[in-house]
Amino acid sequence: MSYRFRTPPELLPTNLTHLERMEHLRTWLEENPEVPHSLEILDTLLRFLDVANIPDYNDADAHGEETILRVRMALNALLGLSAVAYRCHDSTTVFSWLKDATAERIANSFDAIIEWMSLMLMYGSSLPTHTSPTADFREVYLTQADILFSILRVDSQIRHCLWTSTSALDVVIRIWVTTGRRNEPFQDFGHPKTCPINRLMAFCIDANTPGLAALSDRLLNGRTSLLLHFVEAAVRRPEMACRHILEDPSLSNASTTDNIITSVAFHNTIKVVYNLVTIPGLQDAFFKERFLDRLTKTAVLLFNQKMTTPHVTPGGLLVCDNLLRMASFRTAHFVTDISATIRQGLLRLYITLVKRSQEISAEDHYWDPKDLVVAFSRILEGRVTWKRILVEIEKDMENLASLVRDMPTTPGPGMGAIAAALRSFSSAVLVQVHLDSYCQGGSDAMHLCDNPNCRSRSLRFVHDDRVPPGSSSRRCGGCSAFVYCGPECQREDWDAHHSKECKQATRDTIRLNARYSHRARAHHVSFIENRMNAFIAKQDPGGMPNGVPGTTFEPITFDAAALDEADIGTTTDIYILDTTESGSPSMLNTREKYVTWVDTQASFPQGYLKARFNDAYLGFHDNAQPKALAGKPHEESRLAEGCFFYGHLVLCVNVKLRLHTDERTRMSRFFAVSSMARFTTTWPGNEQ
């Protein structure tokens, strides 16, 4: 077979064979990256990579001399094409018109290029590459990953070819899942930046491109075994990188820059997993592999034993941030996932990294830890309202308190901002610890009752003997979703509302895939009640009776703007507590604005609750106030709503409160009368 080389004669001496000419052209392109290529050179490479030149792998002469010659020439052509592509990444080397023309020609030949790459992967075990006379699969796979990565970066029209080509996606998946010795996926730990295969996958599934959706569709529509192999390879790669770093003696004496590059490269492997887990269809497969436990153990081991210098903390903090966010993905299981991740040592690692960050001098400009630390603290702070997460955080409270004591007290950027975020997080934990003890024991403990007209806690406040202290809640025998303090309240609510709700309650809960226990709701109701009482304490420090939550720690109160607008004497105020970033109420709105939000945002996926909410929660503002109890306290009604993180949903807990003012003692206190929970997809306040 003859080949035509339409290239400058000085690049291809006439005394060379066809293979030697192609090798000579590829070598010149690699050794002269600063010299712009010509379209004639590009056409020469692409002309050989035509589909007509691809041999049949299943042919009887598949490993014959002629076939091997073609494959070796194609490999050199692909490597030359990669060198041309790398030139296009630098705008100072290649003119824009040349880059556009190059991208157009590569896009037109993309299918043929992918076919040749697929053939290279088949011939890998017997094909010598340009770097070794006895190449194996690993080197061929790494080479093809680097070639494809360089080509995709040239222009968006080439990337579009990838997203719309099932053959190209299959090549990417095959490069990712193929394993070698010890059944481990191929990976290059000696690359100056990161493994070519990891880099290719990170580029293909970047969150801002359609590649993530295209790859996930291909995986979910293919064989189940392929999906499982893909997930296992994604989890194994960070573990392999950690083992290599721990076993490589050269990294002990590596420079600061090398250590930073190594830590960031490890984070990049975690980032690939993060992007993949964002795909709902892949989440179950990842969690079946217990990937969070495995990756958390890997990160804790790596940054506690090897990557211990202050300058590698950015990589560690990025890893912590990704792990915490991944633990929040599954709506119905996020409490279990976050608590398990903290149990594996994520919070301890985070505290250790923050301590190390203080050792970096102001002259070092490698990174700014402020945003990472503040973001992590706020994410955790918005989740300490869940009991199982709080239990795990409490185990590290001593270390957290020690860290907070050592932080600077002056506000401002840098360490001042970090200290403020940590103190806010620590304070939120202390509030929840106190509420947890309040919610569980004593005659003043929180007991739920879903009868909007329940008076048991009101009677308990004035020591009425009609309700014995410590009465426990009982569930509805039909749906188990509603609870009552006793048979009288249950009968009253059945006649008023629940007879129309009972059948739908269980179905809607299953449909939303939301598992919200009564104990968790009692804790959240206690939180809302406590914050409202802390609000009273801020208005009138003498108005809080002893022994009430809010007196044993510094109250977290409304912001200044809300305090200016507050009017405790009216009955039309609705208090909205956004608990995602702080443990304090952050919004105060009128009833009219609140009703507008409820109606416009369609915030009742559980439709059976709408009538109850309108009648028993919004409607009570328009009704006459309940009569005072035999001259004892004066009562006023309030509605408060606490908004809590619940995976991709928003948990809104509405609490009907009564404000009791004892005229003899001049003490005021909010009591939760009843509550209801609903799940929405929108945070209140954004549109108000």
Side-chain angles (χ1 to χ4, degrees), residues 385 387 431-432 434-462 464 467 469-474 482-486 489-490 492-493 497 516-537 543-545 547-550 555 568 571 573-577 579 583-585 609 612-613 616-621 625-626 629 633-644 651-662 667-678:
T385 53
K387 174 66 180 296
V431 168
Q432 296 303 322
H434 186 86
L435 283 175
D436 186 55
S437 61
Y438 164 64
C439 188
Q440 292 189 28
S443 61
D444 207 30
M446 174 64 65
H447 297 292
L448 295 179
C449 183
D450 288 330
N451 177 20
N453 297 315
C454 176
R455 302 190 63 81
S456 62
R457 301 197 76 236
S458 304
L459 295 170
R460 194 173 297 128
F461 174 65
V462 296
D464 194 297
V467 179
S471 299
S472 59
S473 302
R474 52 188 291 176
F482 284 73
V483 292
Y484 303 94
C485 65
C489 278
Q490 187 170 5
E492 182 179 351
D493 190 56
H497 302 102
Y516 186 44
S517 68
H518 302 307
R519 178 172 296 181
R521 177 152 64 103
H523 185 86
H524 290 153
V525 172
S526 297
F527 171 83
I528 296 171
E529 181 186 279
N530 173 269
R531 295 298 82 201
M532 297 299 291
N533 283 321
F535 175 51
I536 298 177
M544 284 289 289
V548 177
I568 209 68
T571 60
D573 291 332
I574 295 178
Y575 304 88
I576 305 177
L577 294 76
T579 61
S584 62
L609 292 175
R612 172 185 288 267
F613 179 79
Y617 287 85
L618 285 183
F620 79 85
H621 285 288
Q625 294 296 330
L629 295 176
H634 171 68
E635 297 182 344
E636 297 178 1
S637 297
R638 294 290 188 277
L639 172 62
E641 177 175 290
C643 303
F644 302 88
L651 170 63
C652 297
V653 180
N654 296 102
V655 181
K656 183 178 180 180
L657 298 142
R658 287 205 180 105
L659 177 64
H660 296 259
T661 302
D662 193 318
M667 291 184 179
S668 298
R669 178 179 176 183
F670 278 116
F671 275 91
V673 178
S674 63
S675 63
M676 59 173 279
R678 73 185 197 277

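Because the structure is a prediction, the values reported are computed rather than measured.
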Nearest heavy-atom neighbours spanning Ala520 and Ser517: N-OG, 3.1 Å
Has the side chain of Lys656 got a donor or acceptor atom that lies under 3.5 Å from a matching backbone atom of Val673? no
Can you tell me how far OG1 of Thr385 sits from CD1 of Ile528, rounded to the nearest 0.5 angstrom? 10.0 Å
Minimum heavy-atom distance Gln432-Phe527, with the two atoms named: NE2-CD1, 3.0 Å
Rounding to 0.5 Å, atoms NE2 (His524) and NZ (Lys387) come to a distance of 11.5 Å
Asp493 side, atom CG; Cys449 side, atom SG - distance, nearest 0.5 Å: 7.5 Å
Could you tell me whether the side chain of Phe482 reaches within less than 4.5 Å of the side chain of His497, counting heavy atoms only? no
If the condition is side-chain contact (heavy atoms from CB on, under 4.5 Å), which residues does Ser675 pass it with, not counting sequence neighbours? Leu448, Asp450, Arg521, Val525, Val655
For residues Asn451 and Gln490, determine if any side-chain heavy atom of one lies less than 4.5 Å from a side-chain heavy atom of the other. no
Full working for side chain to side chain contact (heavy atoms under 4.5 Å, CB included) between Arg678 and Arg612: CA-CA 12 Å; Arg678 73 185 197 277; Arg612 172 185 288 267; over 6 Å; no
